[in-house]
Amino acid sequence: MISDAVGTSAFFALGGWATLFAGLLRWRFTESMDDKSNNQGLCQWSSNFYREGGALMDFWNALPHIVNLAPTATVYLGVHLAEATGNPYWTFLTFFVGFGAVPICDLLIGEDSYNPSPTEEKQMRVNNWFRFHTLTYVWSYVASVLYFASYMQNVEVNSVAFWGISTSLGISSGFGIGCIHELIHRPTFLEMNHGRLVLLFSNYNHFWIEHLWGHHKRVATEEDPASSALNEPLWTFIWKCLYLSFVDACNLEEKFQRRRGRGFWTPYNRISFLTAFLTDNANHIEHYGLRRKRLSEKKDDWGLYRDYERQGWMHSWNTGDRVSNWMLFKIERHPDHHVNAGRPYQILRTYKESPTYPTGYAGMFVLSWFPPLWFMVMNPIARKAEIDYRKQLKDGSYKTIFPSGANNISSVYKKTGEGHYEAGSQMAQDIDIDEGKGGSVWEGDGVGVHGAKQD
C-alpha cells in the first residue's frame, strides 16, 4: 500500500514537472525565435556583479560562482538523507536537482543580458577571486571522489545506494565541465594542470587535447566530431563523438610530440584512455545544426577538409541564463568563447543576434534526451539562425552587430596566432608564457589556419 502511494505521488510529481517545463519552454521558444530582443530575465540589465570598486567589490562580483559547488554538495546531502531516512533512493538527489530544479530555475529567473563595459572588463580580468572559484572547484571535486570511494569501501550499501552515489557523483562531475573548460584555456600551467587533474579523476584526460586543437579549429564542420548536424540525435551522436574525439586527440598528440622530436609512445604523452558522457552531451547541444561553408577541397594530414570560412558569432549556441551560467562559469556564452578563446569566463559577452537557446544547458540536456522533442524545438531555431547569418553577411550588418577581434585557438602553449587572429581579442592579462618552438600544433600549416573572413 505504501509503495503504491509513493509510486502514485512520483507519477503526479513527474507529470507536474513535465507540464511546467513544457509550458515555460514554449514561452522561451518564442523568445529564441526573436533575434531582435533579448530573452527576458529578472534584473536582466543590472550591472550588479560587474561593478568597479575595491577589494570588497572584487569579492562580491565573483561570489555568485560559488554555486558551482552546489552539485557536489547535493551528493553529500543525498547520502545523509538516505542514512537518516533509510531510503536509498535519496542518493539520486543530484539527478533530480540538476535536471529537475535547475532547468525550472533557469526558465523562471531567465537571462543575464548585461555585458561589462571596457573599464569593468579591465578590473574583472585581474580579479583573482574568479580564479579562486575555479581552483576551489577542482579540490572539492577531487576530495569528493576520494571520500565517496572510501565511503563505499567502508560502509555497507545496497545496489540502489551504490548506483545512486555513482550516478550523482558522475553528474556533479558533469556539471564541472564549465570549470574544466575554463581552466584548460587559461594561459598558465597552474590553471591548465588543475583542469587536467579533474579530467584525470573523471577518466577523460584526452578531452583537453582534442578540444583545444581539434574542436576549436574544426568547429561547425563535418570534420569536427564534437559538432552535431541538424537532425542528428544525441543517442547516435554520443558514440561517434566519444570514439572520434579520442582518435582525433591521438592524431593531434602524435603531431604535437613529433614537433618536439618525439614519437606518440613517449613518457611525455598527455593522454589517458577513458571517456565521460555528460561532456559529450554538452558537445551535442553546443553547435547543433550550425555549419561553416567549405571554401576548397584542400585537406590536412589526416585527409580531413581544412579550408572553411572563419568561425564566428553565428557558429555556436548562446544563452545568458543566469543560474546555470553561474554554475558553469559562463560556458553558455559560447559564441564569444569560440571567437575569443583566450577571453576569461568572467567577461564573456552575450549577443541576442547569435543563435540562442530557449533555456540553459541543464534544461537543454534534458530536452536532448528525447530526440523528437529536441528536433521540434531546435530545428526551427537552427534554420532561422542560418537564414539570419546569410542575411547579416549580405547586408553587412554582421560587422556592426558583433565586436571586432578574434582568436579561435588559445592555450598555455601559445596564446595567439595558432589559428586566425584579429586585433581586439583580449586575454585575461599580460602573462609571459612558453611560446617556444614546438609548443603549438597548427602554426605554419597554411590554409585553414587563418580561415576566411566574413564579407
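These numbers come from a predicted model, not from an experiment.
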Under 3.5 Å: donor-acceptor pair, side chain of Asp248, backbone of Leu244: no
Trp60 atom CH2, neighbour heavy-atom count above 12 within 6.0 Å: no
Enclosure of Tyr89 OH (heavy-atom neighbours >12, cutoff 6.0 Å): no
Ser410 to His185 - nearest heavy-atom pair and separation: O-ND1, 3.4 Å
Pair Asn318, Thr350: side-chain N/O donor-acceptor within cut-off below 3.5 Å: yes
Distance-only donor-acceptor check, side chains His215 and Asp224, under 3.5 Å: yes
Salt bridge Glu222-Arg291, side-chain N to carboxylate O under 4.0 Å: yes
Heavy-atom pair of closest approach, residues Ala249 and Ile209: O-CG2, 3.8 Å
Ring geometry between Tyr361 and Tyr357 (parallel below 30°, tilted from 30 to 60°, perpendicular above 60°): perpendicular
Salt bridge (charged side-chain N to carboxylate O under 4.0 Å, His left out) against Asp58, all qualifying residues, sequence neighbours excluded: none
Distance flag, aromatic centroids of His181 and Phe329, threshold under 6.0 Å: no
Output field: ring centroids Phe207/Tyr204 closer than 6.0 Å: yes
Trp163 atom CH2, over 12 foreign heavy atoms within 6.0 Å: no
Distance (rounded to the nearest 0.5 Å) between His338 NE2 and Ser354 OG: 12.0 Å
Pair Asn127-Asn61, side-chain donor/acceptor within less than 3.5 Å: no
Qualifying salt bridge (charged side-chain N to carboxylate O under 4.0 Å, His left out) pairs, either residue in residues 322-342, two or more places apart: Asp112-Arg333, Asp336-Arg343, Asp336-Arg349
Asn154 versus Ser150, side-chain donor and acceptor atoms under 3.5 Å: yes
Side-chain donor-acceptor pair present, Ser368, His284, cut-off under 3.5 Å: no
Basic-acidic side-chain contact under 4.0 Å: Glu232, Lys240: yes
Side-chain donor-acceptor pair present, His216, His211, cut-off under 3.5 Å: yes
Residue among Lys352, Gln44, Gln40 satisfying side chain to side chain donor-acceptor pair (under 3.5 Å) with Ser113: Gln44
Point-to-point distance, once rounded to the nearest 0.5 Å, from CG of Leu183 to CG of Leu135: 6.0 Å
For Arg28, all residues meeting salt bridge (charged side-chain N to carboxylate O under 4.0 Å, His left out), sequence neighbours excluded: Glu31
Under 3.5 Å donor-acceptor, Ser245 side chain and Leu242 backbone: no
Donor + acceptor pair across side chains of Asn325, Tyr345 (<3.5 Å): no
Residue pairs involving residues 100-128 (criterion ring pair (Phe, Tyr, Trp, His ring centres under 6.0 Å); sequence neighbours excluded): Tyr50-Tyr114
Donor + acceptor pair across side chains of Ser228, Asn283 (<3.5 Å): no
Ring centers of Trp317, Tyr288 separated by less than 6.0 Å: no
side-chain hydrogen bond (donor to acceptor under 3.5 Å, both in side chains) contacts in which one or both residues fall within residues 67-80, not counting sequence neighbours: Thr74-Thr94
Working for side chain to side chain donor-acceptor pair (under 3.5 Å), residues Ser324 and Asp106: CA-CA 7 Å; Ser324 51; Asp106 261 342; 2.5 Å; yes
Whether over 12 other heavy atoms sit under 6.0 Å from Tyr243 OH: no
Where Ala362 and Val102 come nearest, the two heavy atoms and their spacing: CB-CG1, 3.7 Å
Nearest-0.5 Å distance, CZ of residue Phe277 to SG of residue Cys241: 10.5 Å
Distance flag, aromatic centroids of Phe21 and Trp17, threshold under 6.0 Å: yes
Tyr413 and Phe256 aromatic centres sub-6.0 Å: yes
Residue Arg26 excluded, over 12 heavy atoms near CZ under 6.0 Å: no
From CA spacing to verdict: ring-ring contact (aromatic ring centres under 6.0 Å, His included), Phe99, Phe175: CA-CA 11 Å; Phe99 299 119; Phe175 270 91; 5.7 Å; yes
Donor + acceptor pair across side chains of Asn48, Ser46 (<3.5 Å): no
Spacing of CD belonging to Glu253 relative to CZ belonging to Phe246, to within rounding of 0.5 Å: 11.0 Å
Atom CH2 of Trp326 with >12 non-hydrogen neighbours under 6.0 angstrom: yes
Whether Glu309 side chain and Lys293 backbone form a donor-acceptor pair below 3.5 Å: yes
Candidate list Gln346, Glu191, His194, test side chain to side chain donor-acceptor pair (under 3.5 Å), partner Arg131, passing option: Glu191
Residue among Ile177, Leu234, Ile238 satisfying side-chain contact (heavy atoms from CB on, under 4.5 Å) with Asp280: Ile238
Distance, nearest 0.5 Å, that separates NE2 of His315 from CD of Glu386: 7.5 Å
Phe201: ring pair (Phe, Tyr, Trp, His ring centres under 6.0 Å) partners, not counting sequence neighbours: none
Pair Tyr389 + Trp313: ring centers closer than 6.0 Å: no
Ring geometry between His337 and His334 (parallel below 30°, tilted from 30 to 60°, perpendicular above 60°): tilted
Closest non-hydrogen atom pair between Pro380 and Val377, with its separation: CD-O, 3.5 Å
CG on Asp34 to CZ on Phe29, rounded to 0.5 Å: 12.0 Å
Derivation of the ring-ring contact (aromatic ring centres under 6.0 Å, His included) call for Phe402 and Tyr398: CA-CA 6 Å; Phe402 302 112; Tyr398 182 94; 5.1 Å; yes
